[in-house]
Amino acid sequence: MSQDRPVLQQLQGPSSTRILGVGSYQPERIVTNDELSETMDTNDKWIRDRVGIIERRFAAKDELLVDMAVKAGANALADAGVDPSEVDTVIVPNCTMPSGIPNAAAQVADRIGITAPGAFDLNAACAGFCYGLGVASDLIRAGSAGKVLVIGAEKLTDSVDPTDRGNAIIFADGAGAALVGASDTPGIGPVTWGSAGDLVDSIYMRDHKYIYQEGQSVFRWATTQIAPIALRALELAGLEPSDVDVLIPHQANLRIVEAIAKKLRAKGAREDMVVADDIRYSGNTSSASIPLALDHMRQAGTAKSGDVVLAVGFGAGLSYAGQAFICP
Ligand code: UT7
C-alpha cells in the first residue's frame, strides 16, 4: 500500500459509563390468578407454587408496546434529570413489536421529544435488556454515542393464546428503561452474552402468532446454565460473588430466580444479597422484566444508590446476557 493512502480517523469515547436514571411503566389493569382461573383450567395455588406470580398487568386493547415504552423512557429521563435533547441514541429491546417495520425505537424517541437520534430495536427476547445495556455502554465507550436510552418494552398478551394455560398465566405487559451515559468511575461492567441456537425449538412463535414453549426443558436449561453466566459477568467486572448487593435475574419463574440465587450463594454470594421477586406482582414481561424490577426495587428501597447489582437475562433464541452495574 502506498504511503499517501488516507488514514481513517477513529473515535474514542470515555472509558467508563453508568446508569444515570431508571423508569418504568405498567398498564393499569391488574389480573389476578383467580380471574385467569375463570377462563382456563388453573388455580391460584398452582400458579403461586409453581411460578410465584400473584398478579400481573395486562395492557388495554388500544394500549401499544410503543405507548408503554414512551412512558417508561420519559420516566427514566425524569429520574436522571436529563432533557430529551441530550439523548442521541435510543434502543428498544423487545420481541413483541407487531410488525417488522417500522421499528419501535424511532417513534418512541420522537414521542419523547428526542430529535433525530440513532434508533433501533434489539431482539434477544428475554435477554434483550442486558444485551441493550451492553451495547449502550460500549457505544458510548467507543465514542459512537453520548447518552443512550435503553427501553425494554413488551406487549406479550398479543402473542399468547389466552386459552393456553402454560403461557397465559406467565406472560404480561410492561416497560422498563435505563438512561446510560459517561461516568468518571466504572458503573457498568462488561457484558457477557451468548446463545444456544441448537435449542431454538424450545421457545418460538408458532405460526407467527402465539408463543410456544417447552416449559420444562427451558426451566432445566435456565436453572443449570444461567448461574455460570452470572458468575462470568462478575469475573469480567473484577468482582466476587460476595460483592453483590442485589441480584436481578430475568423474572421468568420465581423458582428459576431462587435456583440461580442458591447457586450463587454456594459460590460465596451473601445470605443478605437482595434477590428480585418482582414477578410476584408483574408476571414475566420478557425484555422489560429486569428494568421493571430495578425501578420497583429502587422505589421500595431494597436496591439503594451505590449498590452492586448483578443482572442476567435469558430466553428464546435461546439467548442469554448479563452484567454487573452500580445502582443509580
Ligand atoms: O421467559 C422466557 C423463558 N421462559 C422460562 O424460563 C419458562 C421456564 N418454564 C417454566 O417456568 C415452567 O416450566 C412453566 C411455568 C412454564 C410450567 O411449570 P411446570 O412446573 O414446568 O409445569 P409442567 O408443564 O411440568 O406441568 C406440571 C403439571 C401438569 O399436570 P400433570 O400432567 O402432572 O397432571 C400440567 O398439566 O401441571 C399442570 N399444569 C397446570 N396446572 C394448573 C400446567 N400448567 C398449569 C396451570 N394450572 N397453568
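Both ligands and their constituent atoms are indexed starting at 1 by order of listing. The analysis underlying the following values was restricted to heavy atoms, covering all of them including side chains, and did not include hydrogens, waters or symmetry mates.
Under the 4.0 angstrom criterion, atom 34 (O) of ligand 1 counts as lacking any protein heavy-atom contact. The nearest protein heavy atom to atom 41 (N) of ligand 1 is closer than 4.0 Å. By the definition of a contact as any protein heavy atom under 4.0 Å away, atom 6 (O) of ligand 1 is in contact. Under the 4.0 Å distance rule, the nearest protein heavy atom to atom 30 (O) of ligand 1 falls outside the cut-off.
The single protein non-hydrogen atom nearest to atom 12 (C) of ligand 1 is N253 ND2, 3.9 Å, given as residue, atom name and distance. The protein heavy-atom contact nearest to atom 4 (N) of ligand 1 is Q213 OE1, 3.3 Å. What sits closest to atom 47 (N) of ligand 1 on the protein, heavy atoms only, is T42 OG1, 2.6 Å. For atom 22 (O) of ligand 1, the nearest protein heavy atom (residue, atom name, distance) is W46 CZ2, 3.7 Å. With hydrogens left out, the protein atom closest to atom 2 (C) of ligand 1 is C126 SG, 3.3 Å, a heavy atom.
Taking 4.0 Å as the cut-off, H250 counts as a neighbour of ligand 1 on heavy-atom distance. Distances from ligand 1 to the non-hydrogen atoms of A222 include no value under 4.0 Å.
Considering backbone and side-chain atoms alike, R50 places an N or O below 3.5 Å from some N or O of ligand 1.
Every atom of ligand 1 with a heavy atom of A252 under 4.0 Å away is listed here by number and element: 1 (O), 5 (C), 6 (O). Of all the atoms in ligand 1, the ones that sit under 4.0 Å from a non-hydrogen atom of V51 are 15 (C). Interface of N284 with ligand 1, defined as ligand atoms under 4.0 Å from a residue heavy atom, comprises 1 (O). Each of the atoms 13 (O), 21 (O), 23 (P), 25 (O) of ligand 1 lies under 4.0 Å from some heavy atom of Q216.
Side-chain contact between T96 and D158: absent, with no pair of heavy atoms (C-beta onward) separated by less than 4.5 Å. A heavy-atom distance below 4.5 Å is found between the side chains of R111 and V66.
In this pair, Y131 and W193 present their aromatic rings parallel. The plane angle is below 30°, not in the 30 to 60° band.
When heavy-atom distances to ligand 1 are checked against a 4.0 Å cut-off, I170 comes that close only through its side chain, counted from C-beta outward. If you look at M40 next to ligand 1, there are no close heavy atoms at all, none under 4.0 Å. Contact annotation for I47 and ligand 1: no heavy atom of the residue comes within less than 4.0 Å of the ligand. Both the backbone and the side chain of R165 come within contact range of ligand 1, each with a heavy atom under 4.0 Å.
Checked for salt-bridge contact, D245 and R270 meet the test: a charged N lies under 4.0 Å from a carboxylate O. A salt bridge links R298 with D79: at least one charged nitrogen is closer than 4.0 Å to a carboxylate oxygen. With respect to D184 and R18, no salt bridge is recorded, no charged nitrogen being found less than 4.0 Å from a carboxylate O.
Minimum interatomic distance between P93 and F129 (heavy atoms only, all atoms of both residues): CB-N, 4.0 Å. When all heavy atoms are compared, the tightest approach of A227 to L264 is O-CD2, 4.0 Å.
Among N43, T42, D49, the one residue that satisfies the side-chain hydrogen bond (donor to acceptor under 3.5 Å, both in side chains) test with K45 is D49. Partner I53 forms a side-chain contact (heavy atoms from CB on, under 4.5 Å) with one of L36, T32, I47, L254 and no other, that one being I47.
The main-chain N or O of N33 is never found under 3.5 Å from a side-chain atom of D44 such that the two would form a donor-acceptor pair.
The heavy atom nearest to atom 8 (C) of ligand 1, considering only S37, G215, G52, S202, is found in G215.
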Could you go through C327 and V246, starting from their C-alpha distance and side-chain angles, then the distance that decides it, and tell me whether this counts as side chain to side chain contact (heavy atoms under 4.5 Å, CB included)? CA-CA 9 Å; C327 186; V246 178; over 6 Å; no
